[in-house]
J.: 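I have a structure here, written as structure tokens, and I will follow up with some questions on it.
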Number of protein chains: 2
Amino acid sequence: MSGKLEFTQEVQEIARISKALSHPVRVYILQKLSKMNSCCYSGDLVEEIPVGRSTLSQHLKELKYAGLIQGEINPPFIKYCINRENWEKAKKLLDDFLNYTNSLNFSCIEPESLIHK
Amino acid sequence: MSGKLEFTQEVQEIARISKALSHPVRVYILQKLSKMNSCCYSGDLVEEIPVGRSTLSQHLKELKYAGLIQGEINPPFIKYCINRENWEKAKKLLDDFLNYTNSLNFSCIEPESLIHK
DNA sequence: GAAACATTTCGTATATTTGCGAAACATCAA
DNA sequence: TTGATGTTTCGCAAATATACGAAATGTTTC
């Protein structure tokens, strides 16, 4: 009985969502889409994001793969918008993770330690 | 005037924090530390996490570098705990990001599209 | 059908992340 | 001082992420 765990579904999901949020381009896209409650064309985004078209497309693909956005074909454009259902799920998941915290604060002294220097 | 932005401080911070949360080992550690409101020894963690000692140490290092935990030397052990101040900041940052969302939901039709297949 | 357009996929190069074991480091106990 | 213990750093290998331009895809318009 080694005691080694497998990670729970929850832990793995949090890591997966966080990974999708771990690049400025993707954060920017999500922020824009979620704030404006509307959709965006890839062409609009490439105007304002300092990255090439094909790179942007890959980031959109990752967000889509993560389930956080969805694309609607509207020829000759493709409109992207937040996937509300999954966005709400992600929100709840991270919210719970961040807020289930005992807010008492004791016994942790600022280290000044050399560890991990 | 190309219109290309630099990313705001906020966007970059969100990406940076998210990156720290983007691995199950690190999520597990943070979850444990934040829930139990106490400290943990690296040796305790290595018992339950399916990863070697040196690898665990690197993950702790990353979390420390990201400012989310801190280590207190307590010979011959090293006690790790949440860095409450930065944890609160991270919480607020992600919370705002996740919740400044217009919750109306219109014009986004489930795609069925082949894009990014 | 051909040209024009928005976007994605492919191929490739580079950088970063993840993982491990061995060795190093620091502290305590004898 | 020597050995035991807990932890980190080093050196390396393998996997993954990021970025770009060129070529391919799909659609509309002429």
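A note on names: the letters A, B, ... follow the listed sequences, proteins ahead of strands, and every chain is numbered from 1.
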J.: Report the relative orientation of the aromatic rings in A/Tyr41 and A/Phe77; use parallel for angles under 30°, tilted for 30 to 60°, perpendicular for over 60°.
T.: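 Tilted.
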
J.: I need the CD-P distance between B/Glu72 and D/dT8, as an integer number of Å.
T.: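 Taking atom P of D/dT8 as the reference, CD of B/Glu72 is at 14 Å.
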
J.: In the 5'-to-3' direction, what one-character label does each nucleotide of nucleotides 13-25 of chain C receive under the scheme B = base within less than 4.0 Å of a protein heavy atom, S = sugar-phosphate only, - = no such atom?
T.: ----SBBBBB---

J.: Would you mind checking if B/Glu48 and B/Lys32 are paired as a salt bridge, meaning a charged N to carboxylate O distance below 4.0 Å?
T.: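 Looking at B/Glu48 together with B/Lys32, the answer is yes, because their closest N to O distance falls below 4.0 Å.
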
J.: In whole angstroms, how far is the C1' atom of D/dG6 from the CG atom of B/Asp44?
T.: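 Checked: the CG to C1' distance equals 11 Å.
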
J.: Separation of A/Lys61 atom NZ from D/dT18 atom P, in whole Å?
T.: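 Taking NZ of A/Lys61 and P of D/dT18, I get 13 Å after rounding.
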
J.: Please report, rounded to the nearest Å, how far the P atom of D/dT16 is from the CZ atom of A/Arg16.
T.: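 Distance, rounded to whole Å: 16 Å.
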
J.: Nearest-Å distance, CD (A/Glu47) to C1' (C/dC5)?
T.: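 Atom-to-atom, A/Glu47 to C/dC5, this comes out as 14 Å.
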
J.: Indicate whether OP1 or OP2 belonging to C/dA6 is found under 4.0 Å from a side-chain N or O atom of A/Tyr80.
T.: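 The answer is no; no side-chain N or O of A/Tyr80 sits under 4.0 Å from OP1 or OP2.
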
J.: Quick check for you: to the nearest 0.5 Å, what is the distance between B/Leu68 atom CG and B/Lys89 atom NZ?
T.: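 Answer rounded to 0.5 Å: 11.0 Å.
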
J.: Taking A/Arg26 for its side chain and A/His59 for its backbone only, find out whether a donor-acceptor pair lies under 3.5 Å.
T.: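 No: the side chain of A/Arg26 does not pair with the backbone of A/His59.
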
J.: I need the OH-C1' distance between A/Tyr41 and C/dT8, as an integer number of Å.
T.: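 The distance from OH of A/Tyr41 to C1' of C/dT8 comes to 18 Å, rounded to the nearest Å.
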
J.: I'd like to know if the side chain of B/Ser22 reaches the main chain of B/Lys19, judged simply by a donor and an acceptor atom lying under 3.5 Å from each other, with no hydrogens or angles considered.
T.: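 Between the backbone of B/Lys19 and the side chain of B/Ser22 there is a qualifying donor-acceptor contact (under 3.5 Å).
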
J.: Quick check: do B/Leu94 and B/Leu21 have side-chain heavy atoms less than 4.5 Å from each other?
T.: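 Yes, close enough: below the 4.5 Å cut-off.
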
J.: Please give, in whole Å, the distance from C/dC28 P to B/Phe77 CZ?
T.: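 It is 12 Å, rounded to the nearest whole Å.
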
J.: In whole Å, I'd like the distance from the CG atom of B/Leu63 to the P atom of D/dT8.
T.: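 That distance rounds to 12 Å.
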
J.: Both distances below 3.5 Å, Watson-Crick or wobble geometry, any strand: find the nucleotide opposite D/dA19.
T.: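 Across all strands, the one nucleotide that pairs with D/dA19 is C/dT12.
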
